[in-house]
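Here is the structure we will look at.
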There are 2 protein chains.
Amino acid sequence: MKLSDAKLKFIDSWGSFGTHWGINRTMAQIHALLLISPDPMSQDDIMEQLSVSRGNVNMNIRELIDWGLVERTSIPGERKEFFIAEKDIWKVATTIIKERKRRELDPMLKLMDQLAAVEGDKKDKEVKQFIETMNGIKRFGNQADKMLDVLVKAEESWFVGTLMKFFK
Amino acid sequence: MKLSDAKLKFIDSWGSFGTHWGINRTMAQIHALLLISPDPMSQDDIMEQLSVSRGNVNMNIRELIDWGLVERTSIPGERKEFFIAEKDIWKVATTIIKERKRRELDPMLKLMDQLAAVEGDKKDKEVKQFIETMNGIKRFGNQADKMLDVLVKAEESWFVGTLMKFFK
DNA sequence: CTGAATTTTCAAATAATATTGAAAGCAGGA
DNA sequence: TCCTGCTTTCAATATTATTTGAAAATTCAG
């Protein structure tokens, strides 16, 4: 397969992969494009490569920066802004985990805490099942939370070396 | 908070939580409803509680069964089918992990294998960065894959007891 | 300060996705 | 077999999410 085809295929797949995980297609595609680009790219470069509008690129780049996956950079002599992606996949993954945990898991667990305090007769099977479900989610969520914290803080080398050996 | 309010809140939140993870709102809501229901529910029960159409309930229930999160059951004397959700959150989570791994991670890694074999001069920085990115994703993906396999096979008690202690 | 280059915003248009509901399908009882 | 109650399908419709593009804002060199 030629590089140009492989690039297209990768960008396309990373895009659909993203949509299955609640990330919009263009954002994932821009990320893919920057991941495989050895040099910084401008908004115009991205617009051209992906055939999307300036506004779209602008918004999604901002989002990527917000997530900590992309950063602005400048090229001496150029007026435009350029962008570059974090290339270390381990860092990419831990960044995403950290952000999603903060944005979604943490608030969810907070809510479960409130809901587990529902009033009502704990002998009533409706009430009982509800509380049990909330507690189950809380328990699991807190475990996941702790585990992800450790994972995110761990160095890749430590993680791979020690944990993998431990695991089998 | 009253049980009725808490239920609504939970169903609603589980629904939006789902949409952030590539799961459709109604499917997540049906799952939520069944999770907190101590008794099996029929399609009609679900339609009524969530105010959605029969077709919608039917399709999403099928999907949930497909995922292994819900199963059909019957109530003696009743002609209708009833449905019940797996209540053990640990099992729910490992089922979801297993399925998503199979449906998304595994195919992605297979693709990366193909793409990493791109033809072209490995001295060329475009080719080099592309291959490095593919390899990075593969390496990470394979680790995640192995780790998730262990996780999915592990018993909750073992996992919590041993791994958590290890993790500190 | 001026104006050209660049970036940002956001209402409107478009595209993608989910939902409805009526018709078709199916299973069991009489 | 035919009827009845229930389930499934799917084209039409509605909803939600994404994208566009032109105007406004910003930046910066001269």
Side-chain angles (χ1 to χ4, degrees), chain A residues 11-34 40-67 70-84 100 103-104, chain B residues 11-34 40-67 69-84 103-104:
Chain A
I11 290 166
D12 185 59
S13 310
W14 204 245
S16 2
F17 198 61
T19 59
H20 283 110
W21 287 88
I23 287 143
N24 98 38
R25 179 173 247 93
T26 305
M27 181 169 153
Q29 288 185 337
I30 293 174
H31 186 221
L33 189 58
L34 290 173
M41 298 182 78
S42 68
Q43 290 200 2
D44 294 85
D45 297 334
I46 297 169
M47 283 168 66
E48 197 194 320
Q49 299 254 343
L50 301 180
S51 318
V52 293
S53 72
R54 181 176 304 284
N56 196 0
V57 170
N58 189 280
M59 285 179 141
N60 284 114
I61 279 272
R62 162 141 36 102
E63 192 79 4
L64 283 164
I65 291 174
D66 229 55
W67 276 79
V70 166
E71 58 180 45
R72 285 172 209 281
T73 182
S74 55
I75 292 186
E78 290 270 13
R79 172 90 174 264
K80 288 188 231 188
E81 289 186 311
F82 287 77
F83 303 93
I84 191 167
R100 295 203 84 149
R103 297 176 189 208
E104 294 148 23
Chain B
I11 290 166
D12 185 59
S13 311
W14 205 244
S16 3
F17 198 61
T19 59
H20 283 109
W21 289 88
I23 287 144
N24 98 38
R25 179 172 248 95
T26 305
M27 181 169 151
Q29 288 185 338
I30 293 174
H31 186 220
L33 189 58
L34 290 173
M41 297 183 78
S42 67
Q43 290 200 1
D44 294 86
D45 296 335
I46 297 170
M47 283 169 65
E48 197 194 322
Q49 298 256 341
L50 301 180
S51 318
V52 292
S53 71
R54 181 175 304 285
N56 197 0
V57 170
N58 190 278
M59 285 178 143
N60 284 114
I61 279 272
R62 162 143 33 105
E63 191 80 3
L64 284 165
I65 291 174
D66 228 57
W67 277 80
L69 297 172
V70 165
E71 58 181 46
R72 284 171 210 282
T73 184
S74 56
I75 292 186
E78 288 271 12
R79 174 95 172 259
K80 290 190 231 186
E81 289 186 312
F82 286 77
F83 303 93
I84 192 165
R103 296 175 191 208
E104 293 148 22

Residues 15-29 of chain B vs side chain to side chain donor-acceptor pair (under 3.5 Å), sequence neighbours excluded, gives Glu104(A)-Trp21(B)

On DNA chain D, does the nearest nucleotide to Arg79(A) precede the nearest nucleotide to Val52(A) from the 5' side, or the other way round? Give the residue.
Val52(A)

Contacts of type salt bridge (Lys or Arg N to Asp or Glu O under 4.0 Å), residue Arg103(B), not counting sequence neighbours
Glu99(B)

Quick one: on DNA chain C, does Ser51(B) or Gln43(A) contact a more 5' nucleotide (nearest heavy atom)?
Gln43(A)

Students should find that the nucleotides of DNA chain D closing off the region near chain A, any atom under 4.0 angstrom from a heavy atom, are dT18(D) to dC28(D)

Contacts of Asp44(B) that satisfy side chain to side chain donor-acceptor pair (under 3.5 Å) - sequence neighbours left out
Arg54(B)

At how many degrees, to 10°, do the end axes of the helix from dC1(C)-dG30(D) to dA30(C)-dT1(D) meet when each uses five pairs?
10°

Quick one: list whatever passes side chain to side chain donor-acceptor pair (under 3.5 Å) with Ser42(A), sequence neighbours left out.
Asp45(A)

Enumerate the side chain to side chain donor-acceptor pair (under 3.5 Å) contacts for residues 71-82 of chain B, please, sequence neighbours excluded, ordered by first and then second residue.
Arg72(B)-Glu81(B)

Chain B vs DNA chain C, heavy-atom contacts under 4.0 Å, first-to-last nucleotide span, 5' to 3', is dA18(C) to dA27(C)

Let's see if you get this right: which residues in residues 18-28 of chain A place a heavy atom under 4.0 Å from DNA chain D?
Asn24(A), Thr26(A)

Nearest-nucleotide comparison on DNA chain D, the residue closer to the 5′ end among Gly55(B) and Ser53(A):
Gly55(B)

